[in-house]
Amino acid sequence: MVADQPHLILVDGSGYIFRAFHALPPMTRPDGVPVNAVFGFTGMLGNFLTRHAGSHIAVVFDHSRNTFRNTIYADYKAHRPEPPPELVPQFALIREATAAFGVACLELENFEADDLIAAYAKAFSAEGGKVTIVSSDKDLMQLVGPLVQLLDPIKQKPIREPEVFEKFGVTPDKVVEVQALAGDSTDNVPGVPGIGLKTAAQLIQEYGDLETLLASAEQIKQPKRRESLVNFAEQARISRRLVQLDADAPLPAPIDSLLARAPEPGRLSGFLRDQGFRSLQHRLGLDGDGATAPPTSAPRFAPPPAILMKAEPAATLDDAAPFGPYETVTDLATLERWVAEAQAAGTVAVDTETDSLDALHAKLVGVSLAIAPGRACYIPLAHGPKPGTGDMLEAAPEAPAQIPLREALSALQPMLEDPGTLKILHNAKYDLEVLGRPQAEGANSGIDVSPVDDTMLISYSMDAGRHGHGMDELSLRHLGHSPMTYDQVTGTGRARIPFAQVELEKATAYAAEDADVTLRLWRLLKPRLRTDGALATYEQVERRMIGVLKEMEEAGIRVDGVELARIGEDFSGRMTTLEQQIHELAGKPFNVGSPKQLGEILFDEMKLPGGKRGKAGAWGTDAAVLEDLSARGHALPKTVMHWRQLSKLKSTYVEGLAAQLDPRDGRVHTDFSMAITSTGRLSSTEPNLQNIPIRSEEGVRIRRAFVASPGHVLLAADYSQIELRLLAHLADVPSLREAFANDEDIHSRTASEIFKIEPGKVDREARRRAKTINFGIIYGMSAFGLAARLGIGAGEAKGIIDAYFAQYPGIRAEMERLKEEARINGFVLTPFGRKLWIDGIASKDMSRRGNAERAAINAPFQGGAAEIIKRAMVRMPKALRDAGLDAKMLLQVHDELLFEVPQGQLTATSQAVKEVMESVAELRVPLRAELGHGGNWAEAH
DNA sequence: TACATCACG
DNA sequence: GACGTACGTGATGTAC
């Protein structure tokens, strides 16, 4: 960054004024003139000037309420109240204060301050100058660009393209298009009814701009949206003109006159004295008689580097380095130089390129390294020839020159395994699985990469629930840079080529950039872990989970494919029969798998009662609806439910699972995602082994197909009532604590207490109700929700909830505390300190906020439970090893761990597993794990 | 690709 | 007085 690059600071005066006025209690001068806004403004401006410097600076004001926008649209800002009378006399004094600092005041009749800001920003940046606009007004976000940024005066946070994107879902140049659609109630910009920020952003992303969208409005699929766009097209155009700032507004003062300069001697202190602002004189170092505070200590506006310039690029030149060009390493000597440089640096970002997203099958194609921002390389290892044109006369293309795989890996291995060189990866589990897999015939490497840091997990530890943690997203968000995408490199659809066929130049640009981005993210995010209070979560839990999950994924679980096929045949036959019955009952054949067709038959043709339409206008036919109809004595719904159950099990589990069976070992290997959920849980994909059926008899058959290896048994260990234990712990409920301490049935205890039934005389129905409400509580349930689940009236449900809270007042207090915590901080903390962000908690949309509040209530319980089992998993391998046991941990299903145990070690393993799981956290209630074992997963329960 | 549905905790 | 109504996931089939 060039230190003396021209830098214009434009302060949005109105923002300062209103903030000052509303933040401070009334204050008056001895002569009775109100001055609270003047005082606040002067303090804020003085404070800003002592901390920031630019080459040019001005404060921009609104001239009057009437502007050209009122002639476009009379209602523009019409609902804004007149400024309060106490504020009016302060406007002139505020301009005086600005001038006393030696700062220019800008205003112009008929234009808003925002237009002048736009005009000066345009003029200044056109000459290559940098512009900082001090304001948090979202209407100014349209001005953000390579040379123009906003600075939020409250949070002292720069607002650049990623922040704008976060707010509007589009890049700054498209902000007005979005605003034109979404409107703005605070400014009375009408927009298009029914279209909010989300929809607007989506439409603009799709169509590019308002006019293109309006031109294609007739083709919009959603009927309501289409109608709105057609009917309110003109209103949208007007809205666009209202929000579009006029960057061609005349400049009331030449740019040169905005040059930053020290205040005239005495003028500032004179002003402060006149207003009676003694504390400000002191704060600004102007209160001395010359003895302690000579004039030279007055604010200087020139040399001290702006906070903007040091806030992030304190690390400086480095982090401003361009993304590329990067080096392609194709000879051993060059590779050895890179390896030596990495070891000398002590930290290196590493990324692997492969031919598959599935780590257990992926073949290594290349490795990239980054040692400093902008300094990165790509080492191709298994690139083949470019795809030919298919012309038979063409000479066979040759593979590009590259270091032989074995030699390259031998050169890399010592560095990758060097305990003194930290390897930084994004989603390290993947790369570690690829590099760690020993393979015959040259492919992959058997390298045990250590130690590692993982930027995905660093981000997740701090920002779970706030946004995704993919590299591209983090890069745009934190670095303001969109890396090249995989699709751009390999193409998409039919034209897609394997990465190994991508030409080296392109592969290097992509692969080295990913390593570069990873390194830059690490430099930015790693220090934040400590300040954000997320260091322990990352170091003690997330980072240690990498190796644990790697082992589990590699182990996989044995599935009996023959049994699976038998189940499939059986289901098929039964489905055929059911389908015939359904068609007869319906009076005609139709596709039973189509909810749309089913809805039409049930509600349009058969005219059954109780139909409700979903958001797309189709009849709802889910299990709850069908159950209801069935209870009214209709045969069709029940038959459909049965068919659906078989259909689900067959397609998702019988066929889906069979397709995932690895023929090499007869096992299925899931991929645990570590950074997906907003609560700290894992998730499982390809296949999802966390939702294998168990609740129905047919489901149990599927689970029986998960079997132990010969000579082994499966051991399942479930945490008992873990979320309710956390409830008893967090809300500190004496009677629930006692119940757990005595190993009582918690739902019976609850039933006895809220329904006032003698202990021991609780019947099944009372227990069922208590169980429903116990779970409902940790989901933030309402009376309505409870009524629906229990099939009782809302009044009765409310009575039960009232009785519950009367019995357990600590629980209600805890629910309120969690909502409050989320509202104030934007996040809640689990009992172990994991930070979980609650999206939408500040939303003005009642429904959205309601959802967020329930999520805030649930998050500490779900997240706390996730934390407990993760900690147990992290401790498990060593505990087993120390006990001389060979059991393998195979799966985690949120509150359950599944192990494969050599038959002779069952007792000892059970003991060790139980001990680890129950001792991993000290709560106000004991933790309990329940164990079972058998030849298959169903039996182990 | 959106939606509805349903498998699990 | 209306609103919408229990938390968190992933996979599948239909319809567009």
Side-chain angles (χ1 to χ4, degrees), chain A residues 202 206 219 221-222 464-465 590-599 612-626 640-641 643-657 659-660 670-673 676-696 698-699 702-703 718-719 721-723 772-790 794 797 801 815 818 836 838 845-863 865-866 869 891-896 937:
Chain A
Q202 185 198 329
E206 189 179 341
Q219 285 125 52
K221 278 176 231 147
Q222 300 85 340
F590 70 101
N591 183 348
V592 185
S594 165
K596 185 166 174 274
Q597 292 180 30
L598 176 65
K612 271 201 208 122
R613 292 183 189 272
K615 56 177 149 183
W619 295 107
T621 67
D622 67 18
V625 172
L626 297 185
V640 171
M641 286 173 75
W643 182 91
R644 274 191 181 166
Q645 186 203 6
L646 295 176
S647 164
K648 179 80 169 188
L649 294 178
K650 181 162 178 280
S651 64
T652 305
Y653 299 102
V654 175
E655 286 156 8
L657 216 48
Q660 295 282 349
T670 187
D671 179 1
F672 286 108
S673 304
I676 294 290
T677 71
S678 55
T679 57
R681 274 190 179 178
L682 298 175
S683 81
S684 160
T685 63
E686 286 187 312
N688 180 355
L689 294 184
Q690 291 183 319
N691 72 344
I692 299 303
I694 184 142
R695 293 176 187 170
S696 70
E698 278 81 5
I702 305 239
R703 202 169 267 230
D718 282 57
Y719 273 115
Q721 308 289 13
I722 189 161
E723 294 189 5
T772 303
I773 185 171
N774 268 335
F775 281 111
I777 286 299
I778 50 184
Y779 294 145
M781 186 178 57
S782 62
F784 182 97
L786 182 65
R789 305 244 150 198
L790 290 181
I801 290 181
M815 306 286 119
L818 288 169
L836 302 173
I838 307 298
D845 176 346
M846 292 252 298
S847 154
R848 195 162 124 82
R849 197 175 60 244
N851 288 335
E853 286 175 351
R854 291 191 295 277
I857 287 172
N858 178 252
F861 303 111
Q862 193 181 118
I869 197 166
L891 295 178
Q892 185 250 51
V893 193
H894 310 311
D895 62 359
E896 169 188 3
W937 195 1

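Naming: A, B, ... by sequence-line order, numbering from 1 per chain.
- If you measure from atom CH2 of A:W937 to atom P of B:dC8, you get 11 Å, rounded to the nearest angstrom.
- Partners of A:R848 according to the side chain to side chain contact (heavy atoms under 4.5 Å, CB included) rule, which considers only residues two or more places apart in sequence or in another chain, are A:D839, A:S843, A:D845.
- If you measure from atom CD of A:E896 to atom P of B:dC8, you get 13 Å, rounded to the nearest angstrom.
- Contacts of A:T685 classified as side-chain hydrogen bond (donor to acceptor under 3.5 Å, both in side chains), with partners at least two apart in sequence or in another chain: none.
- The side chain to side chain contact (heavy atoms under 4.5 Å, CB included) check on A:K648 picks up A:T652, with sequence neighbours excluded.
- To the nearest angstrom, C1' of B:dC6 lies 13 Å from CD1 of A:I692.
- Taking A:W619 as the reference, A:D604 meet the side-chain hydrogen bond (donor to acceptor under 3.5 Å, both in side chains) condition, with sequence neighbours excluded.
- Nucleotides C:dA2 and B:dT5 place their P atoms 27 Å apart, quoted to the nearest Å.
- Across all strands, A:F861 comes closer than 4.0 Å to no nucleic acid atom at all (heavy-atom distances).
- Taken residue by residue, residues 778-790 of chain A places no heavy atom nearer than 4.0 Å to DNA chain B.
- Residues A:I869 and A:Q892 approach most closely at CG2-NE2, 3.3 Å, considering heavy atoms.
- Rounded to an integer number of Å, the gap from CG of A:L626 to C1' of B:dA4 is 12 Å.
- When heavy atoms are screened at a 4.0 angstrom cut-off, A:T670 is found touching no nucleic acid atom at all.
- Nucleotides B:dC8 and C:dA6, compared at atom C1', are 16 Å apart to the nearest Å.
- Residues satisfying the salt bridge (charged side-chain N to carboxylate O under 4.0 Å, His left out) criterion with A:D671, sequence neighbours excluded, are A:K429.
- The two residues A:L626 and A:V640 have their closest heavy-atom pair at CD1-CG1, 3.9 Å.
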Intra- and inter-strand pairs of DNA chain C in dot-bracket (Watson-Crick or G-U wobble, both distances under 3.5 Å; | for another strand): ......|||||||||.
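- Using a 4.0 Å heavy-atom cutoff across all strands shown, A:I694 reaches sugar-phosphate atoms only and no base atom.
- At the heavy-atom level, A:G620 lies under 4.0 Å from the strands shown only through sugar-phosphate atoms.
- In this model, the phosphate group of C:dT5 is not approached by any side-chain N or O of A:R854 to a distance below 4.0 Å at OP1 or OP2.
- Partners of A:R854 by side chain to side chain contact (heavy atoms under 4.5 Å, CB included), not counting sequence neighbours, listed by chain and number: A:N851.
- Between B:dT5, C:dA6, C:dC3, one nucleotide has an atom nearer to the side chain of A:T621 than all others, and that is B:dT5.
- A:S678 is linked by a side chain to side chain contact (heavy atoms under 4.5 Å, CB included) to nothing, counting only residues two or more places apart in sequence or in another chain.
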So if I define the base as every atom that isn't primed, P, OP1 or OP2, how would nucleotides 9-16 of chain C read as a B/S/- string at a heavy-atom cutoff under 4.0 Å? SBBSSSSS
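- Looking at the side chain of A:A623, the nearest of the listed nucleotides C:dC7, B:dC6, B:dG9 is B:dC6.
- In this structure A:Q660 satisfies the side-chain hydrogen bond (donor to acceptor under 3.5 Å, both in side chains) test with no other residue, sequence neighbours excluded.
- Listed pair A:R695 / B:dC6 fails the phosphate criterion, with no side-chain N or O lying under 4.0 Å from OP1 or OP2.
- Shown here are the side-chain hydrogen bond (donor to acceptor under 3.5 Å, both in side chains) partners of A:T677, two or more places apart in sequence or in another chain: A:Y460.
- For B:dC6, one of the phosphate oxygens OP1 or OP2 lies less than 4.0 angstrom from a side-chain nitrogen or oxygen of A:R644.
- C:dC3 sits 31 Å from B:dA7 when the C1' atoms are compared, rounded to a whole Å.
- Between A:P693 and A:L649, the closest heavy-atom pair is CG-CD2, 3.4 Å.
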